[in-house]
Amino acid sequence: MKTTVKASSDLALIKYWGKKDDILRLPENGSVSMVLEELSTITTVEFSSEFQKDEIQIQGESDIGEVERVINHLDRIRQLIGSSLRARVVSQNSFPKGTGLSSSGSGFAALTLAATKALDLNLSEKQLSILARQGSGTACRCVCGGFVEWMDGETSDTSYSETFYQASHWELKDIIVVVDEGKKKISSTQGHESARSSIFYSTRLAKIDEKIAELKKVIGDKNFSKFGELIEGEALEFHSILLTSNPPLLAWYPGTIEVMLAVQQMRNEGIEAYFSINTGFNVHVISLPDNMDEVRKRLDKLSLVKKTMVSGVGNGPVYLDEHLF
Ligand code: PMV
């Protein structure tokens with residue numbers, strides 16, 4: 001059955017960085033994220049005995065590495081029921097891929113749900129999360145909605161994600177500030193491998209469970225100031241690991257720094273907003289809805305900012321009736 005799924009990407013508030021098992025993609029540490037409604041991937045999958053080989057089309061064009069990763073994931077799913085049917089997969093994003101906005105998260109979440117359903121497999125959210133994780137770490141969170149925790153777990157069966165608050169729990173706005181539209185220079189696959197070479201990495205791991213518990217509490221309390229301090233501090237701690245890894249990973253562009261400084265300046269003036277950054281150069285700026293217009297207006301005026309997009313907290317993936325082919 002041809003199946004189409006729309007899944008959203010997420011913003012890691014506490015980042016997944018480093019793997020204790022490469023093949024199973026078991027993370028060194030747990031992570032927490034919020035799903036981003038506006039950053040989504042729509043994927044249609046169909047299996048048929050008429051297809052001679054898998055045909056993969058991501059955002060119109062697909063490079064060999066990406067196609068191979070998708071086919072490996074299809075193989076993982078086919079193996080569950082011993083199917084040898086080939087598939088056609090067409091996927092489109094509402095945002096640019098490869099720029100550090102976690103398109104692999106929404107992409108592999110949508111692929112996992114669409115491909116399993118297309119093969120008539122009815123899996124639980126936990127099983128889908130475990131499966132999606134093996135395609136892309138972030139995808140294991142994007143199978144869920146709202147505010148999500150990914151448990152690090154020692155085995156494949158214990159490393160999956162769960163929603164701990166629904167999207168409706170807290171209305172936050174993420175202003176995604178684009179300072180460059182090119183591809184990011186840092187590959188997270190390589191970065192996960194070199195994380196351990198940072199002298200700060202073991203200290204980070206020793207304290208991360210405490211940080212996760214604290215963040216879940218401030219989200220529960222809807223304490224925006226504590227939330228903001230925690231997630232901005234986490235983003236800077238994460239980048240200090242990148243900077244001190246061997247080889248050093250410097251993700252920021254001049255525009256990234258301009259945005260970080262502007263956010264801190266806004267706070268000095270009493271406008272509360274906080275930033276987070278993944279492995280790319282674009283910046284996520286989080287504010288409460290009341291402040292959003294003012295924060296965005298100021299960010300739009302910065303000399304190195306190309307554009308801004310806004311997203312609220314989103315729900316989990318949905319099946320769509322309209323297909324991409
Ligand atoms: O899923 P990956 O391998 O692209 O790694 C994601 C890494 C971060 O975005 C930096 C953090 C995270 O938890 O999403």
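When a ligand or atom number is given, it counts from 1 through the structure's own listing order. This one's a predicted model, so the numbers in the text were calculated from it and none came from an experiment.
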### Task
Look at ligand 1 and say whether F238 reaches it with a heavy atom at a distance under 4.0 Å.
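Yes, that is the case, since the closest heavy atom of the residue is under 4.0 Å from the ligand.
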
### Query
Mind checking whether H192 has a heavy atom under 4.0 Å from ligand 1?
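Yes; H192 lies near enough to ligand 1 that a heavy-atom distance drops under 4.0 Å.
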
### Message
Please list the nearest protein heavy atom to atom 1 (O) of ligand 1 with its residue and the distance rounded to 0.1 Å.
### Response
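Heavy-atom neighbour on the protein nearest atom 1 (O) of ligand 1: T138 OG1, 2.4 Å.
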
### Task
List the closest protein heavy-atom neighbour of atom 8 (C) of ligand 1: residue, atom name, distance to the nearest 0.1 Å.
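Here the closest protein heavy atom is Y16 O, 4.1 Å.
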
### Closest non-hydrogen atom pair, E37 against V313
OE1-O, 4.0 Å

### Distance-minimising heavy-atom pair for K15 and S276
NZ-OG, 2.7 Å

State the atoms of ligand 1, each with its element, that fall below the 4.0 Å cut-off from a heavy-atom position in [X].
X	answer
S188	2 (P), 3 (O), 4 (O), 5 (O)
K15	11 (C), 13 (O)
R141	12 (C), 13 (O), 14 (O)

### Task
Would you sort out whether S91 and Q59 count as a side-chain hydrogen bond (donor to acceptor under 3.5 Å, both in side chains), showing the intermediate values?
CA-CA 6 Å; S91 189; Q59 197 82 343; over 6 Å; no

#### Entry: Pairs flagged by side chain to side chain donor-acceptor pair (under 3.5 Å) wherever residues 129-146 is involved - sequence neighbours left out
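Listed once each, the pairs are D10-R141, S31-R141, S33-R141, S104-S136, R133-S156.
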
### Query
Who pairs with S311 by side chain to side chain donor-acceptor pair (under 3.5 Å), at least two apart in sequence or on another chain?
none

### Message
Determine whether the aromatic ring centres of residues F238 and W17 are separated by less than 6.0 angstrom.
### Response
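So the answer is yes for these two rings.
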
